[in-house]
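Whatever order the structure lists them in is the order used to number ligands and atoms, beginning at 1.
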Amino acid sequence: MSTSATSRPSAARPARSCHSRPASKRRPPVLLPLIAVLAVTDTPAVHPGELPTTAYVQDDRNAGATPFGGQRLWAAFHGQAGVDRIVDTLVDRNLRDPRIGDIFKGQDMVRVRRTLKEQFCYILGGGCSYTGRTMKDAHKDLGLQQADFNALVENLQAAMRAERVSFAAQNAFLSKLATMERAVVVR
Ligand code: HEM
């Protein structure tokens, strides 16, 4: 078996390492600032069937409310399966609703469904992470009015009723969402 001449550093052209350059000629460490910027602006992964969004910092606090402690609310909403049904009913009702349906048309409803499920699970104490944008950012270009907010709340109440969530649990959850009104509605 012959040894290939190319596998050895040639005597005429000794192998070079960047560390052998004098410090003054080394390339500037461009990767370090790039990594620092990415850590702050954090481009979230694009999930299957969803459109990319502009970069934002992912944080559970973007959900807009702190989670309930314990498992009481999570159980009252029938866990993940119950939350999935409620969000699907809510989104379907919103899309069919003549008062607010047009606001949702043409939006990335795959993403809205997914992030709403995460947000509800997070707030209800189901232990999910919320990966979406802040309520202010997500709604800033929609020009939403109080009447739009009220229509969505009505649809959510109907979805929770259909899931047979107790009125006490419905009201506890609605009180968390009420605090987001200022971030969602334009005044
Ligand atoms: C407390 C009430 C509300 C909550 C908790 C909520 C929650 C959310 C969430 C989690 C998202 C996705 C965020 C993301 O993409 O990162 C979203 C987006 C959206 N929401 Fe809401 N929302 C509320 C009120 C409303 C109302 C009243 C309307 C209209 C009637 C509305 C219309 C939309 C639309 C159209 C989007 C998609 C925006 C886009 O992708 O640019 N939301 N909302």
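The contact set between ligand 1 and Leu142, taken as ligand atoms under 4.0 Å from a residue heavy atom, comprises 32 (C), 33 (C), 34 (C), 35 (C). In summary, the atoms of ligand 1 found under 4.0 Å from a heavy atom of Thr115, numbered by their order in the structure, are 10 (C), 12 (C), 13 (C). Atoms of ligand 1 found under 4.0 Å from any heavy atom of Arg133 (numbered from 1 in listed order, with element): 14 (C), 15 (O), 16 (O), 39 (C), 40 (O), 41 (O). Close approach to Leu116 involves these atoms of ligand 1, each under 4.0 Å from a residue heavy atom: 7 (C), 8 (C). Listed by number with element, the atoms of ligand 1 under 4.0 Å from a non-hydrogen atom of Val112 are 37 (C). The atoms of ligand 1 that sit less than 4.0 Å from any heavy atom of Gln107 are 35 (C), 38 (C), 39 (C), 40 (O), 41 (O). Per-residue contacts place Gly132 under 4.0 angstrom from the following atoms of ligand 1 (heavy atoms of the residue considered): 16 (O). Here is the list of ligand 1 atoms found below 4.0 Å of a heavy atom in Asp148: 27 (C), 30 (C).
Side-chain atoms of Gln58 and Asn62 include no donor-acceptor pair closer than 3.5 Å. Of the N and O atoms on the side chains of Arg133 and Thr115, not one donor lies less than 3.5 Å from an acceptor on the other residue. With hydrogens and angles left out, the side-chain atoms of Ser129 and Glu118 include no donor and acceptor closer than 3.5 Å.
With Met135, Gln58, Arg113 as candidates, the residue nearest to atom 9 (C) of ligand 1 on a non-hydrogen basis is Met135. Distances from atom 10 (C) of ligand 1 to the heavy atoms of Phe120, Phe149, Tyr130 show the closest one on Tyr130. Of the candidates His139, Glu118, Lys140, Lys176, it is His139 that places a heavy atom closest to atom 19 (C) of ligand 1.
Here Asn94 contributes atom CG and Leu152 contributes atom CG; the two are 4.5 Å apart, rounded to the nearest 0.5 Å. The line from CZ of Phe167 to CD of Gln157 is 8.5 Å long, rounded to the nearest 0.5 Å.
The proximity of Glu181 to ligand 1, defined as any non-hydrogen pair under 4.0 Å, does not occur for either the backbone or the side chain. Residue Leu144 touches ligand 1 through its side chain alone, judged by heavy-atom distances below 4.0 Å.
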Residue pair Gln146, Asn150: steps toward the side chain to side chain donor-acceptor pair (under 3.5 Å) verdict: CA-CA 6 Å; Gln146 186 65 51; Asn150 295 346; 3.1 Å; yes
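Here the protein heavy atom with the shortest distance to atom 38 (C) of ligand 1 is Ala138 O, 3.5 Å. In this structure, the protein non-hydrogen atom closest to atom 5 (C) of ligand 1 is Gln119 OE1, 3.3 Å.
Counted within 6.0 Å of CZ on Arg72, heavy atoms from surrounding residues, nucleotides or ligands total 12 or fewer; the atom is thus considered open.
Distances from ligand 1 to the non-hydrogen atoms of Met109 include no value under 4.0 Å. The closest approach between Asp108 and ligand 1 stays at or above 4.0 Å for every heavy atom of the residue.
A distance of 6.0 Å or more separates the ring centres of Phe120 and Phe77.
Between Met160 and Glu163 the shortest side-chain heavy-atom distance does not fall below 4.5 Å.
Under a 4.0 Å N-O distance rule, the pair Lys140/Asp137 does not qualify as a salt bridge. The pair Arg113-Asp84 does not meet the salt-bridge criterion, since no charged nitrogen lies less than 4.0 angstrom from a carboxylate oxygen.
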